[in-house]
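All ligand and atom numbering here is 1-based and tracks the order in the structure. Computed over heavy atoms, backbone and side chain alike; hydrogens, waters and symmetry mates excluded. From a predicted model like this one, the values you see are computed outputs, not experimental measurements.
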Amino acid sequence: MYQIHTMNKISPVGLDHFDRHKYSWGEEVANPDGILVRSASLHDTAFPESLLAIGRAGAGVNNIPVEQCSEKGIVVFNTPGANANAVKEMVLLGLLMSSRKVADSMTWVKTLKGSGPDVSKLVEKGKSQFTGPEISGKKLGVIGLGAIGVLVANAAQALGMEVYGYDPYLSVDGAWSLSHTIIHVNTLKEIYENCDYITLHIPANKETKGLINASSIASMKHGVRILNFARGELVEEADLIAALDERQIKVYITDFPTDGMLDHPGVVSFPHLGASTPESEENCAEMAVLELMDYLENGNIKNSVNLPAASMPRSGSARICVIHQNIKTIISQISTNLSELNIENMLNQSRGDYAYTMLDVDGNVSSDVVEKLRSISGVIRVRVI
Ligand code: MLT
């Protein structure tokens, strides 16, 4: 029986995929084979030896200590694209709200309560303070053309914007999905120098943290509007606030407010609502559960953030899955130790410092063989399914 620890509330649309004869799940599981998580932080969680995989129902994985998981042979999955439409819709809302002073006007109009028959007169008199430009014909820079960035770029283009896209890691699928009218630029400088609006759709990692800082802001157009529905760490808070004070940045729209920016008149913030739709919660839960099941039952890896993609149809009587360091001679040592078994099929894939080997074999895989594989230097985890 596979034990799954559900952290956060995971939609039943996902959980219903688990066969009750093979899986049990809940919030109190002592030695889980898998964890399903949304936004709960796992940074202070001690992972038990039993833990094989973590399924993150969402795209960002900064609530998971990914490097520590890799070292322990724990595969971390995410659900790219499953919430992309929800986030895209929120970004479009933010785009319009960064132009038209909708949020302030809504707060102001409520102050007219009690004005009786004068409300319509006061509305007409006061509305000019909330004038804002149309987005049509303006230039939008999309930084990051993954599942969300592509949808945002295409939708903004359909709303009449001239869209610039930047992504040095653009995938073939991304390129196919992108409208041919999007201007593909090779440097961030081109985005900064040309765009009236800039929207961020990249993960927060070593390379991207603090991307929006005093120096990048200085090379942007005066009065630029910045949207951040990706991660708060992409922005240096003090530099952003200074630029808002100087009106170099006209508006900052974010799903990741900090205490320092909450009361700034140039900031419109939301409580990380981007993916908060029932559709997206269901899509993410379903995708995370299916990825976890395929790994636990078949060893197949799809949409992992720390190990290579690796899938093969089952053959032979048993499958041996080995997570190991990406170093020389390991594969030959593995096959030497399997000399008494017939290898029907095998697959080896690597990603950075780590690699994964799956072998379908005929015959009985004894505990002695498993121990020999485990003792190979560089081998992190061995499983027989
Ligand atoms: C994501 O990373 O998928 C989004 O920010 C939404 C979420 O955190 O669940």
* Take Asn194 and Glu190 through the side-chain hydrogen bond (donor to acceptor under 3.5 Å, both in side chains) test and state the conclusion after the steps. => CA-CA 6 Å; Asn194 286 295; Glu190 289 165 87; 6.0 Å; no

* Quick one: does ligand 1 sit under 4.0 Å from the side chain of Asp255, the backbone, both or neither, non-hydrogen atoms only? ->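 None of Asp255 does.
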
* **For atom 4 (C) of ligand 1, the protein heavy atom that lies nearest, with its residue and separation** =>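 Protein heavy atom with the smallest distance to atom 4 (C) of ligand 1: His272 NE2, 3.8 Å.
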
* Asked: What residue and heavy atom of the protein are closest to atom 3 (O) of ligand 1, and at what distance?
  ->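 The closest one turns out to be Ala59 N, 2.6 Å.
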
So does [X] pair up with [Y], basic N to acidic O under 4.0 Å?
{"X": "Asp104", "Y": "Lys101", "value": "no"}
{"X": "Asp196", "Y": "Lys139", "value": "no"}
{"X": "Glu297", "Y": "Lys22", "value": "yes"}
{"X": "Glu281", "Y": "Arg38", "value": "yes"}

* To do: Identify whether NZ of Lys or CZ of Arg in Arg383 sits under 6.0 Å from the centre of the six-membered ring of Tyr295 and within 45° of that ring's axis.
  =>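 Checked: cation-pi criterion met.
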
* **Option with minimal heavy-atom separation from atom 8 (O) of ligand 1, where the choices are Met90, Arg56, Arg38** =>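 Residue with the shortest heavy-atom distance to the ligand atom: Arg56.
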
* Asked: Would you say Gly60 and ligand 1 have an N/O pair spaced under 3.5 Å apart?
  ->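 Yes: some nitrogen or oxygen of Gly60 is under 3.5 Å from one in ligand 1.
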
Heavy-atom contacts with [X] under 4.0 Å: which atoms of ligand 1 show up? List them by number with element.
{"X": "Gly58", "value": "3 (O)"}
{"X": "Ala275", "value": "6 (C)"}
{"X": "Arg231", "value": "1 (C), 2 (O), 5 (O), 8 (O)"}

